[in-house]
Enquirer: 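Take a look at this one; I'll ask things after.
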Amino acid sequence: MKRAIPLLFAIVTGLLALGTVPAAAAEPGASWSQAKYCFNRGDYRCAYDAALMLNLEGRIVPGKGIDTPAGMVFLQMAFTEAAARAKPKDLAEIVQPVIRRFGHEAGRKPFLFGFAVLADADMCKGRGNTSCVEGFQSVYCQVKNELVPASWPTLQGVNPLSDRAKTYVRKVMASAPTCKSE
């Protein structure tokens with residue numbers, strides 16, 4: 001056991017030196033520069049984890065009214081890039097924190113919440129679970145009119161949304177149900 005700890009330490013230290021351990025981004029104290037760095041180098045899970053931590057610390061807020069603040073746009077972009085690349089078994093780890101975080105907020109909900117609900121429904125569809133799909137589509141219909149409209153402005157110092165992420169957005173949004181209020 002004593003020999004395993006130094007070996008584990010050496011492995012983790014080596015991975016950190018190579019920049020392949022993004023989990024550190026999820027620790028309290030995540031910074032904007034860290035989140036942007038992860039995003040711009042294509043480590044979208046690191047960027048998403050850092051942005052989610054910034055949100056939990058109150059440094060990214062949904063905003064009021066119909067405008068989406070830049071920080072929320074960044075979280076939305078990092079979420080989309082990470083979700084577009086996630087393996088089906090890992091997608092829930094990306095989607096569920098957003099649903100839990102923004103599902104209970106009073107008033108207008110960020111576009112990201114509705115998008116995450118539809119992404120969860122799409123994941124259920126991929127598994128052939130129709131009751132799960134119907135459940136998430138029902139939630140989407142309940143909140144659809146409360147959602148802030150989608151906004152994808154260019155952010156200074158941040159790469160634009162990739163074609164892969166744009167394709168994912170189109171796919172997920174195409175699965176939006178026709179709600180009774182329409």
Enquirer: Quick check for you: to the nearest 0.5 Å, what is the distance between Cys38 atom SG and Asp49 atom CG?
Expert: 8.5 Å

Enquirer: CZ of Phe111 to OG1 of Thr68: how many Å apart, nearest 0.5 Å?
Expert: 9.0 Å

Enquirer: Tell me whether Leu155 is reachable from Val61 by hopping between hydrophobic residues (I, L, V, M, F, W, Y) whose side-chain heavy atoms are closer than 4.5 Å.
Expert: no

Enquirer: Step by step, work out the salt bridge (charged side-chain N to carboxylate O under 4.0 Å, His left out) result for Lys109 and Glu146.
Expert: CA-CA 6 Å; Lys109 295 185 181 351; Glu146 298 174 24; 3.7 Å; yes

Enquirer: Locate the shortest heavy-atom distance separating Ala116 from Val98; write the atom from each residue and the value.
Expert: CB-CG1, 3.7 Å

Enquirer: About how many Å separate CZ of Phe39 and CG of Asn159, when rounded to the nearest 0.5 Å?
Expert: 6.5 Å

Enquirer: Quick check: is Met173 connected to Leu91 through a chain of hydrophobic side chains (ILVMFWY, heavy atoms under 4.5 Å apart)?
Expert: yes

Enquirer: State the CG-CE distance between Asp67 and Met72, to the nearest 0.5 angstrom.
Expert: 13.5 Å

Enquirer: Would you say that Ile99 contacts Pro97 through its side chain, given a criterion of any heavy-atom pair below 4.5 Å between the two side chains?
Expert: no

Enquirer: Compare every heavy atom of Gly114 with every heavy atom of Tyr140, then report the nearest pair and how far apart it is.
Expert: CD1-O, 3.7 Å

Enquirer: Give, for atom CZ of Phe113 and atom NE2 of His104, the distance between the pair rounded to the nearest 0.5 Å.
Expert: 8.0 Å

Enquirer: Which donor-acceptor pairs under 3.5 Å do the side chains of residues 76-88 make with protein atoms, sequence neighbours left out?
Expert:
residue	atom	partner	partner atom	Å
Gln76	NE2	Ser151	O	2.8
Thr80	OG1	Gln76	O	2.8
Glu81	OE1	Arg85	NH1	2.6
Glu81	OE1	Arg85	NH2	3.4
Glu81	OE1	Ser162	OG	2.7
Glu81	OE2	Ser162	N	2.7
Glu81	OE2	Ser162	OG	3.1
Arg85	NH1	Glu81	O	3.2
Arg85	NH2	Ser162	OG	3.3

Enquirer: With the side chain counted from C-beta on, respond yes when Arg101 and Asn55 share a heavy-atom pair under 4.5 Å apart, and no when they do not.
Expert: yes

Enquirer: How close do Ala51 and Ile60 get, heavy atom to heavy atom, and via which atoms?
Expert: O-CD1, 3.5 Å

Enquirer: CG/Leu147 to CD1/Ile66 distance, rounded to the nearest 0.5 angstrom?
Expert: 13.5 Å

Enquirer: Tell me whether Tyr48 contacts the main-chain N or O of Ile94 through its side chain, where contact means a donor paired with an acceptor under 3.5 Å.
Expert: yes

Enquirer: In this structure, would Leu75 and Tyr37 fall into the same cluster of hydrophobic residues linked by side-chain contacts under 4.5 Å?
Expert: no

Enquirer: Say whether Leu112 and Val148 are linked into one hydrophobic cluster, either directly or through other cluster members, by side-chain heavy-atom distances under 4.5 angstrom.
Expert: no

Enquirer: Any heavy-atom pair between the side chains of Pro153 and Val73 that's under 4.5 Å?
Expert: yes

Enquirer: According to a hydrophobic-cluster definition based on side-chain heavy atoms being under 4.5 Å apart (Ile, Leu, Val, Met, Phe, Trp, Tyr only), do Val158 and Leu161 belong together?
Expert: yes

Enquirer: Tell me, please, which residues at least two apart from Ser175 pass side-chain hydrogen bond (donor to acceptor under 3.5 Å, both in side chains).
Expert: none

Enquirer: With a 4.5 Å cut-off on side-chain heavy atoms, are Trp152 and Val169 touching?
Expert: yes

Enquirer: Ignoring hydrogens, what is the shortest heavy-atom contact between Pro69 and Pro62? Give both atom names and the distance.
Expert: CD-O, 3.0 Å

Enquirer: Quick check: do Tyr168 and Phe115 have side-chain heavy atoms less than 4.5 Å from each other?
Expert: yes

Enquirer: Under a 4.5 Å cut-off applied to non-hydrogen side-chain atoms, are Cys132 and Phe136 in contact?
Expert: yes

Enquirer: Just distance, no hydrogens or angles: give the donor-acceptor pairs under 3.5 Å from side chains in residues 117-127, sequence neighbours left out.
Expert:
residue	atom	partner	partner atom	Å
Asp120	OD2	Gln96	NE2	2.3
Asp122	OD2	Lys171	NZ	2.7

Enquirer: Could you report the tightest heavy-atom contact between Phe74 and Ala47, atom names first, then the distance?
Expert: CE2-O, 4.1 Å

Enquirer: Which pair of non-hydrogen atoms, one from Pro177 and one from Gln137, has the smallest distance, and what is that distance?
Expert: CG-CB, 3.7 Å

Enquirer: Do Thr167 and Arg170 meet the criterion of a side-chain donor-acceptor pair at a distance under 3.5 Å?
Expert: yes

